[in-house]
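Written out below as structure tokens is the structure these notes cover.
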Amino acid sequence: MQKRVGIEAMNLYGGIASLDVLALCRHRGLDMPRFENLLMEEKTVALPYEDPVSFAVNAARPLIDQLSLEELARVEMVITCTESGIDFGKSLSTYLHPLLNLPSNCRLFEVKQACYSGTVGVQMAVNFLLGQTSPGAKVLVVTTDISRFALADPNAIQEWAYSEPSSGAGAVAMLLSDTPHIFAIDTGAYGNHAFEVMDTCRPGPDTEAGDADLSLMAYLDCCDGAFKDYARRVEGADFRKTFDYLSFHTPFGGMVRGAHRHLMRKLFKADPDEIDADFEHRLRPSLAYGKRMGNSAGGSLYVALAGTINTTPPLTDPVRIGLFSYGSGCCSEFFSGTVTPDGQKRLQNMNISGALERRYPLSIEQYEALLLGDQVVRFGTKDAKLDCDIIPEVWPQSADGKWLFLDAVEGYHRKYKWA
Amino acid sequence: MDSQAISDVLIKMIRRTVPELTDHPISRDDAMADLGVDSIERSEIIIATLETIGLEVPMVQLHGPKNIGELADRIHAKQTP
């Protein structure tokens, strides 16, 4: 019998502050006559004293706290997945290691491929576990991405204007093992589609550039191509019947709806009513958290997966979920797995929506003050001391010493504190 | 199908996808973005047009045209073996 591996435990961190996206679009004078079709509501905004490390640790700590000492000792690999790195050489995973009290016999590294990075991390973990090189080991995979825009540079504003409303921030921590309580991966069931394209990129530490049309086209081509490759490998795979639910990488919900419509037309010539009903049933739950965090890049697919698991009606039987991961540049993957009623209860216990509810809703004025960016620690900063009072109302009130923030940078070394 | 006929299909699909443009004059010189058609709608219009004329081609190969006429020319070029 094929060994079962997958996600044992999972948590999502969506920051401490949010912004109303429609208000932002109005403020920017963006003409979006059918805004509701884009399926965006809010986005997470990172404060200057939050960075990809603090996001990652805040996502992972609740998982680590649940482990016994024996279990903690089996975390033998930490993979950080990001396009928001803070150093060309030192990976974020090395910062996570002491902050999460992980054992020293641990493999630490980071992977990058735009929004596909989380799936790279998950598949590397899955293959390490299936390989049985260290039976019983656990792998901590953490996606962490922050979009920081800088108002200070007028040329850059033109570059990132297209992505400002949809770009958010977030981290997803996943513990993978041979006891996949949350999500068991269908072993060997996957398909890839990749080609070189310059659709979106991060050419500098604090800017994003891209072409929304080209990115959408590449995403659609990949969705089609990756599923075809999946169907080539998996006998009898049927996009309409094999998966009870679907979760896609979500730059914004409208793009997911477009890709779903594209596939349903192409594969089945389905009529619009059937397509809409299918989207509402199989994909709508996946948007539950992403529409409030914005695009969290490397973790966006896993934010969608968490939404699917947590917000579908209570499960009575195991269900199969089809996943589509896409990262600009570009590489993509269609794969699948199953979740049980127990898995759904376990993930619901993480109270993800409660944490999103507690975020402070920033005004446009507060958001723009943050964009001016004189408080932000830029890439390559040698020394800095962060101001926790930049917007006093945002500071979390009841974290009980379990919430991490960036306190200072000393000789390039980032120093964190618990609050 | 010649480029003129392809642009006629494109314009028909624009009107079907964005009902607000039903009575709006649309020509080959118009750009969909200028007509208020958003990026998701633009992709749907292209997909519906390709389906109508029975052409399978990667979407990224249709990126770049500045207006409906240029897009029709590009689709026409892809169609010719």
Side-chain angles (χ1 to χ4, degrees), chain A residues 25 30-40 162-163 165-166 193-200 210-225 228 251-272 275 279 326 328-330 332, chain B residues 6-7 9-26 30-79:
Chain A
C25 290
L30 293 176
D31 181 28
M32 293 182 170
R34 291 167 297 283
F35 177 82
E36 66 281 2
N37 289 346
L38 302 178
L39 305 174
M40 296 193 268
Y162 85 97
S163 64
S166 57
H193 193 74
F195 56 94
E196 200 278 330
V197 62
M198 194 60 175
D199 56 340
T200 72
D211 180 317
D213 274 302
L214 184 57
S215 193
L216 172 58
M217 287 171 156
Y219 181 95
L220 294 174
D221 286 340
C222 280
C223 194
D224 185 23
K228 274 190 186 140
F252 55 93
M255 208 149 145
V256 173
R257 185 151 65 184
H260 170 258
R261 201 173 290 172
H262 176 49
L263 267 188
M264 292 292 283
R265 282 300 304 169
K266 200 154 184 171
L267 296 171
F268 308 108
K269 298 226 180 304
D271 68 55
I275 294 174
F279 178 83
Y326 171 83
S328 290
C330 65
S332 69
Chain B
I6 294 169
S7 57
V9 176
L10 279 166
I11 290 167
K12 186 174 135 195
M13 294 307 170
I14 292 171
R15 294 210 162 96
R16 187 179 290 176
T17 307
V18 187
E20 289 92 325
L21 294 172
T22 303
D23 299 319
H24 193 283
I26 304 173
D30 287 313
M32 285 195 268
D34 295 341
L35 294 168
V37 182
D38 70 32
S39 61
I40 302 286
E41 293 161 343
R42 293 199 284 278
S43 71
E44 281 174 10
I45 289 159
I46 295 171
I47 290 163
T49 301
L50 295 177
E51 192 185 316
T52 302
I53 66 176
L55 177 64
E56 281 220 24
V57 57
M59 292 287 284
V60 290
Q61 293 184 13
L62 302 178
H63 179 259
K66 301 280 180 287
N67 58 37
I68 293 165
E70 283 184 21
L71 178 58
D73 289 346
R74 177 78 68 92
I75 293 173
H76 177 64
K78 295 287 170 194
Q79 204 180 22

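All chains are named by letter (A, B, ...) in the order of the sequence lines, taking the proteins before the strands, and each is independently numbered beginning at 1.
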For Arg16(B), is the CZ atom crowded, meaning more than 12 foreign heavy atoms sit under 6.0 Å from it?
no
Heavy atoms of other groups near Asp271(A) CG, more than 12 under 6.0 Å
yes
Under a 4.5 Å heavy-atom cut-off, does chain A meet the side chain of Ile46(B), its backbone, both or neither?
side chain
Can you say whether Leu216(A) sits under 4.5 Å from chain B via the side chain, the backbone, both, or neither, judging by heavy atoms?
side chain
Kindly check if the number of other-residue, nucleotide or ligand heavy atoms within 6.0 Å of NZ (Lys12(B)) is above 12?
no
Can you give me the closest heavy-atom contact between Leu220(A) and Ser43(B), atom names plus distance?
CD1-CB, 3.8 Å
Give the member of Met255(A), Arg265(A), Lys269(A), Arg257(A) that has the highest number of heavy-atom pairs under 4.5 Å with chain B.
Arg265(A)
Under 4.5 Å to a heavy atom of chain A? For Gln61(B) that would be neither
Do you see a donor-acceptor pair shorter than 3.5 Å between the side chains of Asp211(A) and His63(B)?
yes
Spacing of Asn37(A) atom CG and Ile40(B) atom CD1 [to the nearest 0.5 Å]:
9.0 Å
Looking at side-chain heavy atoms only, is the closest gap between Met59(B) and Asp224(A) below 4.5 Å?
no
Contacting region of Asp199(A) [heavy-atom separation from chain B under 4.5 Å]
neither
Is it the side chain or the backbone of Phe252(A) that comes within 4.5 Å of chain B heavy atoms, both, or neither?
side chain
Straight-line distance of Asp213(A) CG to Asp38(B) CG, nearest 0.5 Å:
9.5 Å
Spacing of Ile47(B) atom CD1 and Arg261(A) atom CZ [to the nearest 0.5 Å]
9.5 Å
